[in-house]
Every structure is written in C-alpha cells, then in structure tokens.
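Structure first, commentary second.
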Amino acid sequence: MTDPATAITVTVIAELAFKKFLETAAGEAAKKFTETALSKMDDLRKRIVGRLRGVEGAKAAIEKLENQAGTTADVETIADYLKIVMREDPQFADELKVLAQEINAGKIQDNSQMTQNNYDSSTGYQGKAEQGGTLYQGNITINNPPPTD
C-alpha cells in the first residue's frame with residue numbers, strides 16, 4: 001500500500017503537467033523546480049495531451065490552459081478525464097506516477113528562515129507551507145515582566 005504522505009494523486013499529476021501554464025508571472029515555475037524537472041513536466045503534459053486530445057471535454061480544458069486562459073477548474077476537469085484513462089490503462093498510470101514522482105524530486109526546497117520581532121505585549125503568527133505540504137505554524141506571545149517597585 002502506498003504511503004498517503006507520498007501518494008501522487010491524479011489531480012497532482014495534472015497540476016504538475018500544466019503548472020507552467022497556470023503560473024501568473026513568467027518564470028515562476030522555474031524558481032520552484034530544477035531544469036530537469038521542468039523538462040519532465042513537458043514530457044508529462046505531452047503524454048497526457050496525447051491521450052486526452054480526442055476527448056471533447058478535456059480538449060477544451062487543454063486548449064484553454066495552453067493558451068494561458070485556463071484556471072485550476074480546467075486542471076480539475078483534465079484530472080477527472082485522466083482518472084478514467086488511468087483506471088483503464090494501469091501501465092500508462094504507472095508511467096505517469098513515476099514521472100510525477102521524478103518531477104517532485106526536482107522541486108527546489110525553500111530553506112529560508114523566518115524571523116519575527118515582537119515588542120511590548122504583541123502576539124505574532126507565522127506559517128510556511130508548500131502546496132500539499134505540512135503547515136508548520138508558531139504562535140508566540142511576549143509579555144513584558146511586571147514592573148518592580
């Protein structure tokens with residue numbers, strides 16, 4: 001049985017395949033993935049498009065995404081059709097899952113530190129998480145000690 005924490009869902013596969021078309025600013029995907037992962041994203045997208053190009057509902061969503069007019073709803077539409085294709089062809093499903101895992105392995109990790117300065121009786125909240133990751137949050141309350149007379 002696959003570990004749920006590392007399971008690659010059909011929606012994640014579709015998101016990885018069309019991530020470059022969903023990014024609002026040019027080059028956002030390049031900041032998050034290695035060059036090898038980006039080329040594998042293209043391969044993943046081509047395989048999915050090749051299988052779904054004849055399917056009318058998926059065709060419209062693919063065209064919208066490729067013309068950079070698509071939304072996450074279009075990715076979900078593709079994922080719905082892709083789920084059916086993957087269920088009917090387990091070998092194709094395995095190929096896509098392996099490719100998606102290789103792409104995820106090429107994700108550039110954000111190891112930046114988070115600093116927060118609280119003064120007086122302030123309360124601060126911080127959180128950082130990538131999509132699909134675990135959100136680690138901290139709640140820090142700093143109170144000044146009572147004045148000594």
TODO: In plain terms, say whether Lys59 and Glu66 are close enough for a salt bridge, that is, a side-chain N and a carboxylate O under 4.0 Å apart.
DONE: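 The answer is no: the pair does not qualify as a salt bridge.
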
TODO: Using the side chain to side chain contact (heavy atoms under 4.5 Å, CB included) rule, pick out the option among Lys97, Lys83, Gln101 that qualifies with Ile13.
DONE: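 Considering Lys97, Lys83, Gln101, a side chain to side chain contact (heavy atoms under 4.5 Å, CB included) with Ile13 is found only for Lys97.
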
How long is the span from the [atom1] atom in [X] to the [atom2] atom in [Y], to the nearest 0.5 Å?
| X | Y | atom1 | atom2 | result |
| --- | --- | --- | --- | --- |
| Asp42 | Leu38 | CG | CG | 7.5 Å |
| Glu102 | Met41 | CD | CE | 12.5 Å |
| Leu44 | Phe18 | CG | CZ | 8.5 Å |
| Leu96 | Gln91 | CG | CD | 11.0 Å |
| Asp94 | Leu99 | CG | CG | 12.5 Å |
| Ile48 | Leu82 | CD1 | CG | 5.0 Å |

Open item on the list: Could you report the tightest heavy-atom contact between Ala79 and Val10, atom names first, then the distance?
Closed with: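 For Ala79 versus Val10, the nearest heavy atoms are O-CG1, 3.2 Å.
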
Open item on the list: Looking at every non-hydrogen atom in both residues, tell me the closest pair between Ile78 and Ala61 and how far apart they are.
Closed with: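 It is CG1-CB, 3.9 Å.
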
- [ ] Using modelled atom types only, decide if a donor and an acceptor are shared between the side chain of Asn67 and the backbone of Glu63 within a distance under 3.5 Å.
- [x]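 Flag set: sc Asn67 to bb Glu63 pair under 3.5 Å.
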
Task: Under 3.5 Å donor-acceptor, Asp74 side chain and Thr71 backbone - done: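 Here the side-chain-to-backbone pair exists.
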
Open item on the list: Less than 4.5 Å apart, side chain to side chain, heavy atoms only: is that true for Leu65 and Ile62?
Closed with: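 When only atoms from C-beta onward are counted, Ile62 and Leu65 do not touch, as no gap falls below 4.5 Å.
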
Task: Asn104 vs Leu16 side-chain heavy atoms within contact, under 4.5 Å - done: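 Yes - at least one pair of side-chain heavy atoms lies under 4.5 Å apart.
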
Task: Over-ring placement of Arg47 relative to Phe92, 6.0 Å and 45° cut-offs - done: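 The answer is no; the distance or angle limit is not met.
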
